[in-house]
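Encoded as structure tokens, the structure appears first; notes follow it.
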Amino acid sequence: MAESITITDNRSGETIEIPIVDGGVSADEWRKLLPGIWFHDEGFMTTAVTESSITYIDGDAGRLEYRGYPIAELAEKSTYLEVAYLLLHGELPTNEQLDAWVHEITYHTFIHENVRKRFLEGFHYDAHPMGILVSAVAALSTFYPEAKHIFDPEVRYKQIIRLIAKMPTLAAAAHRFSVGMPFVYPDNSLPFAANFLSMMWKTAEPRFEADPALSRAVDVLFILHADHEQNCSTTAMRVVGSSHADPYSACAAAAAALYGPRHGGANEAVIRMLLEIGSMENVTEFVKSVKEGHGRLQGFGHRVYKNYDPRAKIVRQIAEDVFAVTGKNPLLDIALKLEEVALADDYFLSRKLYPNVDFFTGLIYQAMGFPMEMFPVLFAIPRTAGWLSHWAEMLDQDTKLARPRQLYVGQLERQYKPIDQR
Ligand code: ACO
């Protein structure tokens with residue numbers, strides 16, 4: 001059977017055969033036969049915007065791989081910084097490479113004093129930490145003006161290091177500021193996740209050492225959130241990056257995309273839903289109302305996964321490890337009952353609705369003491385590695401400026417009327 005499709009323009013009878021390559025057909029070929037006829041594809045439901053060799057997802061099979069390595073194996077055996085290296089470089093590092101990489105990241109965690117004193121402290125006292133983060137990342141481009149030389153390999157690499165390294169510092173600073181606590185400087189003797197927890201929670205003690213089980217849990221959650229191919233925020237990064245803006249500006253756009261409740265805010269929605277359900281006795285009634293069309297089961301379903309989200313399985317285990325230290329989140333029983341009821345119900349099974357990664361992450365973060373406003377911030381920290389990997393891949397592919405077309409449906413050639421005649 002030929003691996004191609006044939007398109008006929010019924011107006012002219014002209015035909016074109018387009019090969020199917022790697023599961024896609026080239027729009028360039030289409031354009032040759034049908035110039036000026038655009039695909040109407042809102043939300044890019046049917047559009048592959050690029051070739052990429054970073055992350056592979058098979059939604060039907062529930063498969064997720066970074067550079068060919070299954071997510072479960074990375075979550076079990078690797079660390080976030082090693083995974084960040086893998087995403088960016090395409091290969092796992094050797095010992096020396098990893099040491100150098102971790103050293104570089106660790107020694108770029110500090111932020112310029114003016115970012116903290118003049119910039120962060122300028123926000124209103126109750127500013128949302130994600131709003132602070134988005135603005136602070138954008139502001140970094142003014143502190144590192146050389147960042148615009150995106151085709152200079154050394155300059156590019158330096159900004160990648162800076163962004164991955166400074167994200168936890170900015171994130172923790174945003175939280176501390178929003179709750180009126182003093183800023184905590186990075187402690188570069190600590191590993192990446194432990195350092196972040198120190199910047200979050202340190203009070204008067206000379207050195208804050210998080211429980212190792214909690215540091216590891218955060219590190220694994222960072223691995224799980226490090227990349228997810230062409231999601232909304234990564235697409236924002238690519239679109240802004242395609243104009244050859246500096247990486248701080250592009251990353252700020254990506255973080256802004258993640259701010260929205262349809263993308264980075266789902267785990268908060270899960271917590272709000274569980275609070276609304278209130279007790280295990282109400283679960284069956286709640287599921288019934290969802291089936292009757294009153295809202296959705298938050299943390300269930302996924303645009304790509306039509307099977308159990310492979311990350312959700314890992315997150316369930318992390319939840320147990322965390323609750324062993326923090327005590328069980330009282331909302332857990334409701335969540336487990338909800339999962340049990342939904343997974344036994346044909347409504348959810350027939351629509352292939354399974355728990356996604358966010359079903360349990362909110363419970364974990366909440367048990368660890370993170371306020372809900374920090375949930376998208378916790379997502380942005382590790383996703384920075386993914387954003388930057390796609391950005392660098394795009395620049396190396398010499399991609400065109402992202403500039404879609406539209407189907408104009410408005411009025412044409414109207415005559416301007418003076419205001420007193422309208
Ligand atoms: N609860 C109940 N019904 C649902 C749910 C849900 N969570 N998700 C989808 N459905 C139903 C829809 O009502 C629809 O039913 P119908 O065919 O009878 O009309 C069917 O399943 C298909 O739904 P779509 O909206 O077409 O699926 P889509 O792929 O567009 O939606 C999405 C994916 C947005 C994630 C959806 O499942 C949802 O809203 N889930 C809840 C929010 C959530 O958890 N988001 C986090 C995603 S993970 C992440 O971003 C990190």
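Start at 1 and go down the list; that is how both ligands and their atoms are numbered.
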Could you tell me if Thr79 and Glu82 have a donor-acceptor pair between their side chains, going purely by distance under 3.5 Å?
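Result is no, nothing qualifies.
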If a pair satisfies side-chain hydrogen bond (donor to acceptor under 3.5 Å, both in side chains) and one of its residues is in residues 131-142, list it, with sequence neighbours excluded.
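Qualifying pairs, neighbours excluded: none.
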Check contact between Tyr347 and ligand 1, using heavy atoms of the residue and a distance below 4.0 angstrom.
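Judged by the 4.0 Å heavy-atom criterion, Tyr347 does count as contacting ligand 1.
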In sequence, state the C-alpha distance, the side-chain angles, and the governing distance for Ser52 and Glu229, and then conclude on side-chain hydrogen bond (donor to acceptor under 3.5 Å, both in side chains).
CA-CA 8 Å; Ser52 179; Glu229 48 117 310; over 6 Å; no
Taking [atom] as the reference point, the nearest protein heavy atom with its distance:
atom                    : answer
atom 17 (O) of ligand 1 : Arg351 NE, 3.9 Å
atom 8 (N) of ligand 1  : Leu353 CD2, 3.4 Å
atom 36 (C) of ligand 1 : Arg296 NH1, 3.3 Å
atom 48 (S) of ligand 1 : His302 CD2, 3.5 Å
atom 29 (O) of ligand 1 : Arg303 NE, 3.3 Å
atom 47 (C) of ligand 1 : Asn356 ND2, 3.6 Å
atom 7 (N) of ligand 1  : Leu297 O, 2.7 Å
atom 41 (C) of ligand 1 : Phe300 O, 3.3 Å

Heavy-atom contacts with [X] under 4.0 Å: which atoms of ligand 1 show up? List them by number with element.
X      : answer
Lys306 : 29 (O)
His263 : 50 (O)
Gly299 : 43 (C), 44 (O)
Val290 : 2 (C)

What do you reckon, are the aromatic ring centroids of Phe375 and Phe370 less than 6.0 Å apart?
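That pair fails the under 6.0 Å test.
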Under a 4.5 Å cut-off applied to non-hydrogen side-chain atoms, are Leu395 and Arg156 in contact?
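Contact flag for Leu395/Arg156 side chains = yes.
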Given side chains that start at C-beta, do those of Phe323 and Leu363 come closer than 4.5 Å, heavy atoms only?
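Side-chain contact under 4.5 Å: yes.
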Partners of Thr203 by side-chain contact (heavy atoms from CB on, under 4.5 Å), sequence neighbours excluded?
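Applying side-chain contact (heavy atoms from CB on, under 4.5 Å) to Thr203 gives Met181, Glu205.
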Do Asp187 and Ser198 pass the side-chain hydrogen bond (donor to acceptor under 3.5 Å, both in side chains) test, and can you show the C-alpha distance, the side-chain angles, and the key distance before you say yes or no?
CA-CA 8 Å; Asp187 176 347; Ser198 157; 5.3 Å; no
Does a salt bridge link Glu276 with Arg272, judged by any charged N lying under 4.0 Å from a carboxylate O?
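No, this pair does not count.
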Rounded to the nearest 0.5 Å, how far does CG of Leu224 lie from CZ of Arg311?
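Going from the CZ atom of Arg311 to the CG atom of Leu224 covers 7.5 Å.
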Side chain, backbone, both or neither: the part of Asp309 lying under 4.0 Å from ligand 1 by heavy atom:
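For Asp309, there is no contact with ligand 1 at all, from either part.
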Is there at least one protein heavy-atom neighbour under 4.0 Å from atom 26 (O) of ligand 1?
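For atom 26 (O) of ligand 1 the answer is no, since every protein heavy atom stays at 4.0 Å or beyond.
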Non-hydrogen protein atom less than 4.0 angstrom from atom 51 (C) of ligand 1
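When distances to the protein are checked, atom 51 (C) of ligand 1 has a heavy atom within 4.0 Å.
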Nearest to atom 35 (C) of ligand 1 by heavy atom, Ser233, Cys232, Gly301: which?
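Considering heavy atoms of Ser233, Cys232, Gly301, the nearest to atom 35 (C) of ligand 1 sits in Gly301.
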Determine whether Lys291 and Asp345 satisfy the following criterion, salt bridge (charged side-chain N to carboxylate O under 4.0 Å, His left out), listing intermediate values before the conclusion.
CA-CA 10 Å; Lys291 284 162 52 179; Asp345 193 309; 2.7 Å; yes
